[in-house]
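Here the structure is laid out as structure tokens; the discussion comes afterwards.
Note that ligands are numbered from 1 as they come in the structure, with each ligand's atoms numbered from 1 the same way.
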Amino acid sequence: MEKINIMINGLPGNVAKTMARSGITDNRFNVMPFSLTGQEIEDKTITIDQMRFELVKPDVRDEKIIRIKRQFNSFITIDYTHPTAVNSNALFYTQNQIPFVMGTTGGNREQLEQVVKKSSTPAVIAPNMAKQIVGFQAMMEYAANTFPGLFEGYTLQVSESHQNGKADTSGTAKAMVGYFNQLGANFDVNKIQMVRDPEVQRKEWKIPKEHIAGHGWHTYTLTAPDGSALFEFKHNINGRDIYVSGTFDAVVFLMEKLNKPDDSKKLYTMIDVLNRP
Ligand SMILES: NC(=O)C1=CN([C@@H]2O[C@H](COP(=O)(O)OP(=O)(O)OC[C@H]3O[C@@H](n4cnc5c(N)ncnc54)[C@H](OP(=O)(O)O)[C@@H]3O)[C@@H](O)[C@H]2O)C=CC1
Ligand SMILES: O=C(O)C1=N[C@H](C(=O)O)C[C@H](O)C1
């Protein structure tokens with residue numbers, strides 16, 4: 001089978017690096033030696049496992065992409081950049097007809113979805129690519145659609161802990177709140193408790209020392225009005241390796257969609273990817 005060209009955007013960021021390391025050794029893919037990066041990055045290149053990537057800043061990307069597209073006439077992009085870049089990057093991909101997997105959280109999510117829906121460019125967008133978490137989301141979606149109001153009157157508490165540099169509230173937690181609200185919880189996403197203090201993470205949350213710099217821990221607690229019942233759901237992820245497999249499945253999924261050009265649907269989630277036959 002022909003290798004799929006992938007461009008991993010967001011280097012030298014943490015998740016983009018994890019994707020690059022795994023992509024280089026995955027024989028389904030040909031990792032392209034370019035990565036969209038932030039305007040402030042000073043280095044012009046970065047080397048990962050002996051592969052050199054040219055870092056492409058926002059002010060030169062319009063010109064650069066013409067040359068990249070000449071060199072690689074078909075490719076799929078993976079975006080693990082910054083919440084402030086989500087909407088402009090999605091616009092860039094759709095304008096240049098580059099199918100993309102958007103793992104980056106934050107930005108204006110409604111606008112993000114609209115841009116894809118109105119375009120001719122397919123994309124998989126999800127705040128969490130860990131397949132086991134996506135499976136949990138699918139269960140929540142089923143419950144929300146099948147038993148709306150099941151937790152009417154219950155009080156919901158949501159807390160999430162991530163590495164200190166994380167810029168936004170957990171996108172996963174926000175998505176989960178959507179399901180809990182369908183189940184009757186009546187919770188405002190602005191009430192999600194964000195923990196970014198390494199000392200609290202180590203001492204109170206007992207997050208292993210070696211993962212303080214890279215983790216995503218989430219707890220959702222539902223308490224009955226009279227306190228007689230409590231339901232708690234947790235997903236605690238150390239490191240970033242778990243996101244690789246789902247992201248790469250999403251790339252393969254998009255490639256299959258591109259090979260079926262009659263499909264008018266353009267916007268997909270990781271639940272669609274998980275449901276792939
Ligand atoms: N969907 C999922 O499963 C997962 C999603 N994520 C999300 O992925 C995103 C990245 O996370 P992480 O790697 O930890 O973050 P980092 O801050 O480590 O990396 C982000 C990188 O993106 C760069 N960047 C900034 N602006 C742009 C731009 N316009 N175009 C391209 N690159 C840009 C940053 O540069 P600079 O430093 O100059 O700003 C930085 O190098 C976050 O939104 C995070 O929540 C993370 C894990 C899993
Ligand atoms: O920034 C992270 O690290 C993560 N971000 C995603 C989110 O905001 O939900 C997914 C995961 O929690 C890791």
Which bit of Asn128 is near ligand 2, meaning a heavy atom under 4.0 Å away: side chain, backbone, both or neither?
side chain

Run down the list Thr247, Thr105, Val124 and name the one with the heavy atom closest to atom 44 (C) of ligand 1.
Thr105

Check if Gln163 has a non-hydrogen atom at a distance under 4.0 Å from any atom of ligand 2.
yes

Atom 34 (C) of ligand 1: any protein heavy atom closer than 4.0 Å
no

Provide the closest heavy-atom pair for Lys206 versus Trp217 in the form atom of the first, atom of the second, distance.
O-CH2, 3.8 Å

Please classify the Thr84 to ligand 1 contact at 4.0 Å (heavy-atom distances, strictly less than): side chain, backbone, both or neither.
neither

If we only consider heavy atoms of Thr104, is any one of them less than 4.0 Å away from an atom in ligand 1?
yes

Residue portion contacting ligand 1 (non-hydrogen atoms closer than 4.0 Å) for Pro127
backbone

protein heavy-atom neighbour closest to atom 17 (O) of ligand 1 works out as His82 CD2, 4.8 Å

At a non-hydrogen distance cut-off of under 4.0 Å, which region of Gln39 contacts ligand 1 (side chain, backbone, both, or neither)?
neither

Heavy-atom distance to atom 45 (O) of ligand 1: which of Met270, Gln163, Lys166 wins?
Lys166

Can you tell which part of Thr81 has a heavy atom less than 4.0 Å from ligand 1: side chain, backbone, both or neither?
both

What do you reckon, does Lys166 have a nitrogen or oxygen under 3.5 Å from a nitrogen or oxygen of ligand 2?
yes

Give yes or no for whether the N/O distance cutoff of 3.5 Å, strictly under, is met between Gly171 and ligand 2.
yes

With heavy atoms under 4.0 Å as the rule, classify the contact between Arg240 and ligand 2 as side chain, backbone, both or neither.
neither

With heavy atoms under 4.0 Å as the rule, classify the contact between Ser88 and ligand 1 as side chain, backbone, both or neither.
neither

Ligand 2 and His162, any nitrogen or oxygen pair closer than 3.5 angstrom?
yes

Between His218 and Thr172, which heavy-atom pair has the shortest distance, and what is it?
NE2-CB, 3.9 Å

Is the closest basic N to carboxylate O distance between Asp26 and Arg28 below 4.0 Å?
yes

